[in-house]
Amino acid sequence: VGNGTTESGTSRAFLWEDGVMTDLDLQLGPLSSGARDINDRGQVVGYACCPGYAFLWENGVVTDLGPGWHIPSAINNRGQVVGSGEGHALLWEDGVTTDLGTLPGDVSSRARSINELGHVVGYSSTEPGYTRATLWIP
């Protein structure tokens, strides 16, 4: 997965498979898009900008991750997606978004990766910008 640039200067999310580049064709018009991660099932997560729009792409079908999402970071083989939106780490599973919150006293968080057990790693931050590595376990 990756991003390519069109003649108009916008970037487009793509999937490279078996020597063939496939435009994920989000039908978003002139918006830029980017692919962030792919799992073993061929599911791709990415974003389109601006405004923020996070998506799950599978076999040509695009699913909007819903309001509040900015950029997804990773997808595991169970189809669970993590990322961030509106200052908090988020987990998306089967159409439901869960706000993972922050560490006590912190004001923001971001999820970066998820394993097959659903354990999420990322960070939580205080207002002055002090960050702490964070592990969320379901």
Side-chain angles (χ1 to χ4, degrees):
V1 295
N3 309 324
T5 304
T6 65
E7 290 178 13
S8 65
T10 59
S11 63
R12 298 290 299 188
F14 71 86
L15 170 66
W16 178 268
E17 184 176 34
D18 298 325
V20 176
M21 181 184 288
T22 302
D23 182 349
L24 298 187
D25 190 15
L26 304 176
Q27 300 178 348
L28 298 171
L31 299 181
S32 291
S33 61
R36 296 297 298 235
D37 197 22
I38 185 171
N39 65 15
D40 292 342
R41 295 168 43 189
Q43 295 174 304
V44 176
V45 291
Y47 65 92
C49 171
C50 296
Y53 172 86
F55 67 85
L56 169 71
W57 181 95
E58 183 175 15
N59 298 321
V61 176
V62 176
T63 301
D64 182 350
L65 297 185
W69 277 87
H70 291 268
I71 296 183
S73 299
I75 185 169
N76 67 11
N77 289 328
R78 293 169 46 187
Q80 296 172 301
V81 178
V82 294
S84 64
E86 300 183 11
H88 277 200
L90 301 175
L91 168 70
W92 181 92
E93 182 175 16
D94 298 326
V96 177
T97 295
T98 302
D99 184 333
L100 299 178
T102 66
L103 290 173
D106 287 359
V107 296
S108 66
S109 61
R110 179 170 287 182
R112 304 297 274 174
S113 190
I114 184 168
N115 69 13
E116 302 315 313
L117 298 174
H119 300 164
V120 178
V121 294
Y123 60 86
S124 184
S125 302
T126 62
E127 193 151 344
Y130 176 74
T131 61
R132 301 183 275 178
T134 308
L135 169 65
W136 290 272
I137 299 175

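Basis for what follows: all heavy atoms, side chains included, without hydrogens, waters or symmetry-related copies. All values derive from a computational prediction rather than experimental measurement.
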Review point. Using links of under 4.5 Å between side-chain heavy atoms of ILVMFWY residues, direct or through other members, which residues join Leu135 in one cluster?
Key: Val121, Ile137
Review point. Who pairs with His88 by side-chain contact (heavy atoms from CB on, under 4.5 Å), at least two apart in sequence or on another chain?
Key: Asp99, Thr102, Ser109
Study note, to complete from the structure: Contacts satisfying salt bridge (Lys or Arg N to Asp or Glu O under 4.0 Å) that involve residues 58-72 (not counting sequence neighbours) are none
Review point. Any side-chain hydrogen bond (donor to acceptor under 3.5 Å, both in side chains) pairs touching residues 125-138, not counting sequence neighbours?
Key: Asp106-Arg132
Check your understanding: What heavy-atom pair brings Ala74 and Ser113 nearest, and what distance separates the two atoms?
Key -> CB-CA, 3.9 Å
Exercise for review: State, to 0.1 Å, how close Tyr47 and Arg36 come at their nearest heavy-atom pair, and which atoms those are.
Suggested key: CE2-CD, 3.7 Å
Practice item. Find out if a path of hydrophobic residues (ILVMFWY) with successive side-chain heavy-atom gaps under 4.5 Å connects Ile38 to Val82. Key: no
Practice item. Of all the heavy-atom pairs spanning Ala89 and Ala111, show the shortest one and how long it is. Key: CB-N, 3.5 Å
Study note, to complete from the structure: For Leu103, the other hydrophobic cluster members (4.5 Å side-chain criterion, sorted by chain and number) are none
Review point. Leu65: what forms a side-chain contact (heavy atoms from CB on, under 4.5 Å) with it, not counting sequence neighbours?
Key: Ala54, Leu56, Trp69, Pro72, Val81, Trp92
Check your understanding: Which pairs pass salt bridge (Lys or Arg N to Asp or Glu O under 4.0 Å) with one or both residues in residues 109-119, sequence neighbours excluded?
Key -> none
Exercise for review: Could you list the residues that satisfy side chain to side chain donor-acceptor pair (under 3.5 Å) with Glu86, not counting sequence neighbours?
Suggested key: none
Practice item. If a pair satisfies side-chain hydrogen bond (donor to acceptor under 3.5 Å, both in side chains) and one of its residues is in residues 74-83, list it, with sequence neighbours excluded. Key: Asp40-Asn77, Asn76-Gln80, Gln80-Glu93
Review point. Are the side chain of Asp37 and the backbone of Ile75 linked by a donor-acceptor contact shorter than 3.5 Å?
Key: yes
Revision key, fill the gap. CG (Leu100) and CG (Leu90) are apart, to the nearest 0.5 Å, by 7.0 Å
Review point. In the hydrophobic cluster built from side-chain contacts under 4.5 Å, what are the other members alongside Val96?
Key: none
